[in-house]
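Here's the structure we're looking at; comments come further down.
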Amino acid sequence: MTQHFWISGTDTDVGKTLVTAYFMRYFQAKGETVTPYKPVQTGIIVENSKAYYGDTAFYQSFSEEILVEGHLNSYSFEEPASPHYAAMLEGTVIEGEVILQHIEQLKSLYDYVICEGAGGLYVPLNEQRNYHFLRLIQQSQLPVVLVARTKLGTINHTLLSVEVLKMNNIPIAGIVFNAFEGTELESNNIKTIGKITDLPSIVIPKFKNLSALKNFLLEDTEFFERLFSI
Ligand SMILES: Nc1ncnc2c1ncn2[C@@H]1O[C@H](COP(=O)(O)OP(=O)(O)OP(=O)(O)O)[C@@H](O)[C@H]1O
Ligand SMILES: C[C@H](N)[C@H](N)CCCCCC(=O)O
Ligand SMILES: [Mg+2]
């Protein structure tokens, strides 16, 4: 089986990296070859005289296999900002073609390529050319798994994201509701979005300790069926 797809979000910090790591582990457990790919990462972390980027470091630390560093990313910028701005600060212009070619190469090497956006769908990669993630995703012709919050405010953010994906004919595999804390309001948000969008979803709880992700396993539901058939 092969499937390559995007993990997009309704916003930054919604949990795209955690969800990417979840899917990576899910496919690894099935014995498939998989790589996460974060085309553009911003915000270098310097700790104990070591410098690294949070998203690709998270993939490595949650992977059951050693990941090929050169396959994980195309552009890294130090400023924790939108890609277009972080790149501009370093005198670089992000080229969609470089990213699309990298995805094609990864597709020929792995059963599963999981591409993670940065922030939400309209985050600019190149302001001058009005080039943003939505356009890149459309050009890649890959489907999207949308990561959404469960908390107050998610109905509007999620419906807007779903609408713009549909308007641009980008297939949506489903929604991952992340960091669920079990309140009635959150449950109603999930139900309401499900009814309005008619998309399958899965729910990931808010973990007290992130290492719990390693023992977390969802059942193969309609969400996974659709992901493989889309
Ligand atoms: N289910 C969860 N339980 C507990 N903490 C979580 C959960 N999901 C995400 N987090 C934490 O929330 C923060 C943001 O998550 P994450 O880095 O995955 O967001 P992101 O959508 O990938 O952001 P970006 O746009 O920067 O890529 C991180 O510190 C992460 O560890
Ligand atoms: C630095 C941060 N963690 C993300 N990787 C980039 C988020 C860009 C958001 C841009 C915006 O929507 O205003
Ligand atoms: Mg991330």
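All residue numbers refer to positions in the sequence shown, counting from 1. These values consider heavy atoms only, across backbone and side chains, with no hydrogens, waters or symmetry-generated copies. Just so you know, ligand 1 is whichever comes first in the structure, and atom 1 is the first atom listed for that ligand.
Closer than 4.0 Å to atom 7 (C) of ligand 1 lies at least one heavy atom of the protein. Remark: atom 27 (O) of ligand 1 lies closer than 4.0 Å to at least one protein heavy atom. Within a 4.0 Å radius of atom 11 (C) of ligand 1, the protein has no heavy atom. Checking atom 30 (C) of ligand 1 against the protein gives no heavy-atom contact under 4.0 Å.
Salt bridge annotation for Glu64-Lys214: absent, with no cationic side-chain nitrogen under 4.0 angstrom from a carboxylate oxygen. In summary, Glu47 and Lys50 do not engage in a salt bridge, as defined by a charged side-chain N under 4.0 Å from a carboxylate O.
Residue Leu89 places its CG atom among more than 12 non-hydrogen atoms of other residues, nucleotides or ligands, all under 6.0 Å distant.
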Dump the intermediate steps for side-chain contact (heavy atoms from CB on, under 4.5 Å) on Ile99 and Tyr75, then the final yes or no.
CA-CA 9 Å; Ile99 297 170; Tyr75 294 97; 4.0 Å; yes

Passes side-chain contact (heavy atoms from CB on, under 4.5 Å), Phe58 versus Thr20? Steps please.
CA-CA 10 Å; Phe58 195 93; Thr20 301; over 6 Å; no

Stepwise salt bridge (charged side-chain N to carboxylate O under 4.0 Å, His left out) test for Glu184 and Lys191
CA-CA 10 Å; Glu184 300 235 332; Lys191 201 170 102 189; over 6 Å; no

If you apply the rule ring pair (Phe, Tyr, Trp, His ring centres under 6.0 Å), what do you find for Tyr112 with Phe23, and how did you get there?
CA-CA 9 Å; Tyr112 294 84; Phe23 279 105; 9.7 Å; no

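Nearest protein heavy-atom contact of atom 3 (N) of ligand 1 is Phe207 N, 2.8 Å. Closest protein heavy atom to atom 9 (C) of ligand 1: Asn178 ND2, 3.7 Å. Counting protein heavy atoms only, atom 5 (N) of ligand 1 is closest to Leu210 CD2, 3.6 Å.
At a 4.0 Å cut-off, at least one heavy atom of Glu116 sits close enough to ligand 1 to count as contact. Using a 4.0 angstrom heavy-atom cutoff, Ala179 counts as in contact with ligand 1. Contact between Lys38 and ligand 1 is present, with at least one heavy atom of the residue lying under 4.0 Å from the ligand.
For Val19, no heavy-atom contact with ligand 1 is shorter than 4.0 Å.
Of the N or O atoms in Lys206, none lie within a sub-3.5 Å distance of an N or O in ligand 1. Between Gly117 and ligand 1, no N or O atom pair is found at a separation short of 3.5 Å. For a threshold of 3.5 Å applied to N or O pairs, the pair formed by Gly15 and ligand 1 contains at least one separation below that value. Ligand 1 has a nitrogen or oxygen under 3.5 angstrom from a nitrogen or oxygen of Leu18.
The contact set between ligand 1 and Thr12, taken as ligand atoms under 4.0 Å from a residue heavy atom, comprises 23 (O), 24 (P), 25 (O), 26 (O). Of all the atoms in ligand 1, the ones that sit under 4.0 Å from a non-hydrogen atom of Gly119 are 25 (O).
Neither Ile175 nor Val19 shares a network with the other; the hydrophobic side chains, linked directly or stepwise wherever heavy atoms of I, L, V, M, F, W or Y lie under 4.5 Å apart, form separate groups for each. In the hydrophobic cluster analysis, where Ile, Leu, Val, Met, Phe, Trp and Tyr join through side-chain heavy atoms closer than 4.5 angstrom, Ile103 is grouped together with Leu125. Residues Tyr37 and Leu121 share a single hydrophobic cluster, defined by chaining ILVMFWY side chains whose heavy atoms lie under 4.5 Å apart.
Proximity annotation for atom 14 (C) of ligand 1: of Leu213, Asp55, Asp13, Asp13 comes nearest, heavy atoms only. The heavy atom nearest to atom 2 (C) of ligand 1, out of those in Gly120, Pro205, Ala21, Gly54, is found in Pro205.
Paired with Arg149 under the rule side-chain hydrogen bond (donor to acceptor under 3.5 Å, both in side chains), one option of Thr158, Thr10, Asp11 passes, and it is Asp11. Looking at His71, Glu32, Gln105 one by one, the single match for side-chain hydrogen bond (donor to acceptor under 3.5 Å, both in side chains) with Tyr110 turns out to be His71.
Listed as neighbours of ligand 2 are Thr12, Thr42, Pro80, Ala81, Ser82, Val123, each bearing a heavy atom under 4.0 Å from the ligand.
Protein N/O/S atoms closer to the Mg ion (ligand 3) than 2.8 Å number 3 in this structure.
In this structure, Pro36 and Leu72 approach most closely via the heavy-atom pair O-CD2, 3.4 Å.
At a threshold of 4.5 Å between non-hydrogen side-chain atoms, the residues Phe180 and Ser187 count as touching. Using a 4.5 Å heavy-atom cutoff, the side chains of Glu181 and Lys151 are in contact.
For Arg25 and Gln28, the side-chain atoms include no donor-acceptor pair closer than 3.5 Å. If you check the side chains of Thr35 and Tyr59, you find no donor sitting under 3.5 Å from an acceptor.
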